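Residue numbering restarts at 1 for every chain, and letters A, B, ... go by the order of the sequence lines. Not measured: the values here are computed from a predicted model.
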Amino acid sequence: MSLRIYNTLSRQTEEFVPLQTPQVRLYTCGPTVYDFATIGNFRAYVFEDLLRRTLRFRGFQVTQVMNLTDVDDKTIRGAQAAKVALGDYTRQYTNAFFEDLRTLAIEPAEHYPAATAHIPEMIALIEILFQKGYAYRSEDGSVYFSIAKFKDYGKLAHLDLTGLKPGARIAQDEYQKENAADFALWKAWQSEDGDVAWDSPWGRGRPGWHIECSAMSMKYLGASFDLHTGGVDNIFPHHEDEIAQSEAATGRPFVKYWMHCAHLVVDGRKMSKSLGNFFTVRDILRRGYSGREIRYALMAVHYRQALNFTFEALDADCGALARLDAFSERLLAHNDQKSAVSGQRSEDGGQQSKIENQKSKMSALPAWMGAYLAAFTRALDDDLNISLALAALFDFVHEGNKRLDEGALSPAEAAQALDTLAHIDGVLGVRPGDTLIPPAAVVQLAQARLQARQRKDWAEADRLRREVEAQGWIIQDAPDGFRVKRNSDPRVNAQIGNG
RNA sequence: GGCGCGAUAGCCAAGCGGUUAGGCACGGGUCUGCAAAACCUGUUAGACCGGUUCAACUCCGGUUCGCGCCUCCA
């Protein structure tokens with residue numbers, strides 16, 4: 001079995017064969033850092049992370065580039081409105097973006113090139129396009145790409161633009177284009193740009209949007225690379241234009257596989273500020289949900305399927321995660337009696353070595369366990385069929401629980417089951433972190449309650465339970481004492497700031 | 001108008017021409033000072049109309065409804 005993915009270029013599911021196995025070069029269209037990114041944006045980044053983790057799970061070595069668009073109309077306008085320098089303005093949102101990536105356990109890419117740090121590369125690329133006759137300069141000093149010169153134009157979007165005529169949607173400042181569908185490689189300076197400008201052979205100005213991705217992907221990944229991802233809305237014009245620029249300049253195929261994820265909607269409607277259904281990751285955290293819960297919700301629907309985000313679904317996802325947690329805890333307790341306190345995890349080392357280590361362990365699994373791991377893998381192999389993969393995981397949980405009930409699972413097998421879960425989580429990235437370890441004060445209260453129980457002082461025991469609950473933790477009695485768990489009810493967490 | 005996607009049980013969401021998807025919720029049970037948690041277990045499907053077939057949720061055609069893109073929005 002091998003990994004198969006849907007290629008937007010062919011509109012078909014194809015076997016994934018990298019240009020230089022086992023090396024995989026992946027380019028991901030990153031954020032425009034003009035505001036906090038929304039959960040819609042992060043749907044795309046969680047998808048890209050699932051792809052990245054699946055590739056690594058399947059033994060590929062991934063080199064990933066994610067660009068940061070830090071100069072465009074919106075960033076310039078935002079900086080001017082805030083009366084700060086462009087770099088100062090974008091820096092705060094870049095920092096927020098990286099914070100959100102960590103919140104959602106998205107593995108870092110190898111490179112995060114910023115557009116403003118690669119102006120010379122873009123200018124060099126535009127010069128090549130001039131030399132080869134694909135670019136022309138208009139009177140105002142802007143430079144455009146002539147799509148008429150590139151015969152494959154439209155092969156990604158499957159659009160026929162030959163009949164397209166200039167209309168109302170063509171901005172006034174672009175009247176100088178030869179063809180309505182020609183796009184800007186370089187934008188001549190205008191007064192609205194303020195002090196945002198760079199010198200170029202064609203005069204002062206700034207780069208067009210598409211050129212940054214071509215220039216930066218070539219710099220870090222080479223003229224041809226394996227995978228390019230983004231949201232469906234990027235297919236046209238952004239990715240179509242990237243192909244045109246890049247292939248015109250190098251004469252070589254730009255990208256082998258294009259993958260695009262569908263949009264996220266909220267309550268069945270497009271997210272918009274006027275509908276009041278507009279959410280950033282921070283907004284959801286403020287409501288008491290955790291990063292991994294948001295991650296799970298954004299990941300659990302197949303990437304080519306529109307994702308309908310609702311709080312009802314998010315609550316259901318919390319339940320699903322709780323089921324996974326409970327199974328891990330049972331296994332941990334079965335394997336190691338020391339675990340009176342829930343939530344401790346041994347392995348949070350580097351992801352790279354983690355996956356390598358897991359791999360060798362996975363070869364010696366009991367047959368029943370191996371079958372579920374195989375089913376999980378098979379599902380991912382089929383164009384990242386996450387729903388089917390999760391079904392395999394929950395089938396594994398079900399059988400594991402059953403075996404525990406029947407006393408048919410040895411402590412050694414429990415350890416193997418934990419290894420299997422860790423291996424699977426190398427892809428999913430939803431295991432709880434330190435947030436599940438209770439503070440010492442809470443544990444003390446729980447201890448005091450245990451003593452009250454042993455005295456059969458039920459009133460005091462109940463009082464102490466309520467005190468613990470007020471701090472966002474729940475006591476669960478167990479045959480060997482008690483467990484303290486973080487309250488996962490988002491309403492409670494939102495209230496006491498437990499998020 | 002052009003290109004494309006979808007409609008599955010209370011909600012979310014898969015595979016499959018005939019054999020239990022899965023999660024949440026709900027019902028029943030085990031356990032329990034209380035409380036919960038956990039586990040086991042059960043019920044509710046395939047928008048509509050035709051066709052192909054021994055057999056269709058699954059293939060084909062049509063209808064209805066919803067959605068996306070068609071110049072800078074992941």
Side-chain angles (χ1 to χ4, degrees), chain A residues 8 11 28-32 37-48 69 72-74 147 154 157-161 163-164 166-167 169-171 174 177 180-184 208-210 229-238 240-241 260-265 268-271 296-297 300-302 304-310 312-327 329-330 342 375 379 382 385-395 397-398 400-402 404-406 453 456-459 461-462 465-466 469 474-479 483 485:
Chain A
T8 306
R11 307 283 158 125
T28 299
C29 272
T32 301
T38 68
I39 54 171
N41 301 132
F42 277 104
R43 199 261 167 118
Y45 303 128
V46 168
F47 149 65
E48 148 274 296
T69 301
D72 79 322
D73 290 353
K74 282 177 296 198
I147 65 160
H158 292 207
L159 285 175
D160 179 11
L161 295 170
L164 192 71
R169 297 188 70 177
I170 303 302
E174 297 185 3
K177 294 195 287 190
D182 287 352
F183 55 91
W209 176 35
H210 316 299
T229 68
V232 284
D233 50 278
N234 279 153
I235 294 173
F236 191 86
H238 185 48
E240 191 67 59
D241 291 348
H260 295 93
C261 76
H263 276 168
L264 173 146
V265 295
R269 295 161 144 235
K270 197 167 177 172
M271 201 162 56
Y296 188 94
V301 176
H302 184 85
R304 284 193 285 124
Q305 188 79 33
L307 188 154
N308 185 16
F309 180 90
T310 64
E312 197 185 357
L314 185 55
D315 287 336
D317 292 330
C318 295
L321 285 174
R323 184 167 160 81
L324 293 179
D325 295 348
F327 181 52
E329 279 164 23
R330 268 193 101 179
S342 66
D382 182 15
N385 189 333
I386 189 69
S387 301
L388 198 58
L390 289 171
L393 170 59
F394 282 103
D395 284 341
V397 171
H398 182 249
N401 272 317
K402 210 164 172 174
L404 280 164
D405 282 356
E406 291 163 355
R453 281 191 74 210
K456 296 199 189 294
D457 183 352
W458 308 127
D462 290 348
R465 175 201 292 288
R466 283 192 296 273
E469 281 172 357
I474 292 173
I475 297 174
Q476 288 170 6
D477 294 324
R483 281 154 200 272
K485 295 182 73 166

**Q** What is the distance, to the nearest angstrom, from the CZ atom on R269(A) to the P atom on G68(B)?
**A**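 Distance, rounded to whole Å: 11 Å.
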**Q** Mark yes or no for whether R43(A), through its side chain, and A262(A), through its backbone, hold a donor-acceptor pair below 3.5 Å.
**A** yes
**Q** Hunt down the Watson-Crick or G-U wobble partner of G50(B), both distances under 3.5 Å, from any strand shown, or write none.
**A** C60(B)
**Q** Which class fits the ring pair W209(A) and H238(A): parallel under 30°, tilted 30 to 60°, perpendicular over 60°?
**A**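 The rings of W209(A) and H238(A) lie parallel, inter-plane angle below 30°.
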**Q** Using the closest heavy atom to pick a nucleotide of RNA chain B for each, name whichever of C261(A) or D241(A) lands nearer the 5' end.
**A**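 The residue whose closest nucleotide sits nearer the 5' end is D241(A).
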**Q** So, does the side chain of R465(A) form a donor-acceptor pair with the base of A35(B) at under 3.5 Å?
**A** yes
**Q** In whole Å, what is the span from the CD1 atom of I474(A) to the P atom of C34(B)?
**A** 18 Å
**Q** Do R453(A) and D477(A) pass the salt bridge (Lys or Arg N to Asp or Glu O under 4.0 Å) test, and can you show the C-alpha distance, the side-chain angles, and the key distance before you say yes or no?
**A** CA-CA 10 Å; R453(A) 281 191 74 210; D477(A) 294 324; 3.2 Å; yes
**Q** What is the pairing partner of A21(B), taking Watson-Crick or G-U wobble pairs with both distances under 3.5 Å in any strand?
**A**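 None - no nucleotide pairs with A21(B), as no candidate has both distances under 3.5 Å.
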**Q** So, does K74(A) get its side chain near the phosphate of C73(B), meaning an N or O under 4.0 Å from OP1 or OP2?
**A** yes
**Q** Can you tell me if R269(A) has over 12 outside heavy atoms packed within less than 6.0 Å of its CZ?
**A** no
**Q** For G42(B), give the paired nucleotide (Watson-Crick: N1-N3 plus N6-O4 or O6-N4; G-U: N1-O2 and O6-N3; both under 3.5 Å), or none.
**A**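 Check on G42(B): paired to C26(B), both distances under 3.5 Å.
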**Q** Verify the stacking flag for F394(A) against G23(B): centroid separation must be under 5.5 angstrom and the ring planes must differ by under 30 degrees.
**A**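 Check failed, F394(A) does not stack on base of G23(B).
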**Q** Once you round it to whole Å, what is the distance between C1' of A37(B) and CG of L321(A)?
**A** 16 Å
**Q** Within this structure, what is the CG-to-C1' distance between D462(A) and G33(B), rounded to whole angstrom?
**A** 9 Å
**Q** Rounded to whole angstrom, note down the C1' distance from C57(B) over to C69(B).
**A**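 Per the computed distance, 29 Å lies between those C1' atoms.
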**Q** In the structure shown, which nucleotide is the Watson-Crick or G-U wobble counterpart of G1(B), with both distances under 3.5 Å?
**A**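 Looking at the geometry, G1(B) pairs with C70(B).
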**Q** Sugar-phosphate atoms are those with a prime plus P, OP1 and OP2; base atoms are the rest. Using that split, label each nucleotide of nucleotides 5-14 of chain B B, S or - for protein heavy atoms under 4.0 Å, 5' to 3'.
**A** ------S-SS
**Q** Searching all strands shown, indicate the nucleotide that pairs with A55(B) (Watson-Crick or G-U wobble; both distances under 3.5 Å).
**A** none
**Q** If pairing requires Watson-Crick or G-U wobble contacts with both distances under 3.5 Å, which nucleotide is the partner of U8(B)?
**A**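 Across any shown strand, U8(B) pairs with none.
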**Q** Do the side-chain N or O atoms of K402(A) get closer than 4.0 angstrom to the phosphate oxygens (OP1, OP2) of A38(B)?
**A** no
**Q** Given that both distances must come in under 3.5 Å, which nucleotide forms a Watson-Crick or G-U wobble pair with C34(B)?
**A** none
**Q** Select from V265(A) and R453(A) the residue whose nearest nucleotide in RNA chain B is closer to the 5' end of that strand.
**A**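 This one resolves to R453(A).
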**Q** Quick one: label H238(A) by what it contacts on the DNA or RNA (base, sugar-phosphate, nothing), any heavy atom closer than 4.0 Å.
**A**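 Nothing, no nucleic acid heavy atom in range.
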**Q** Would you please name every residue forming a ring pair (Phe, Tyr, Trp, His ring centres under 6.0 Å) with F47(A), sequence neighbours left out?
**A**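 Y303(A).
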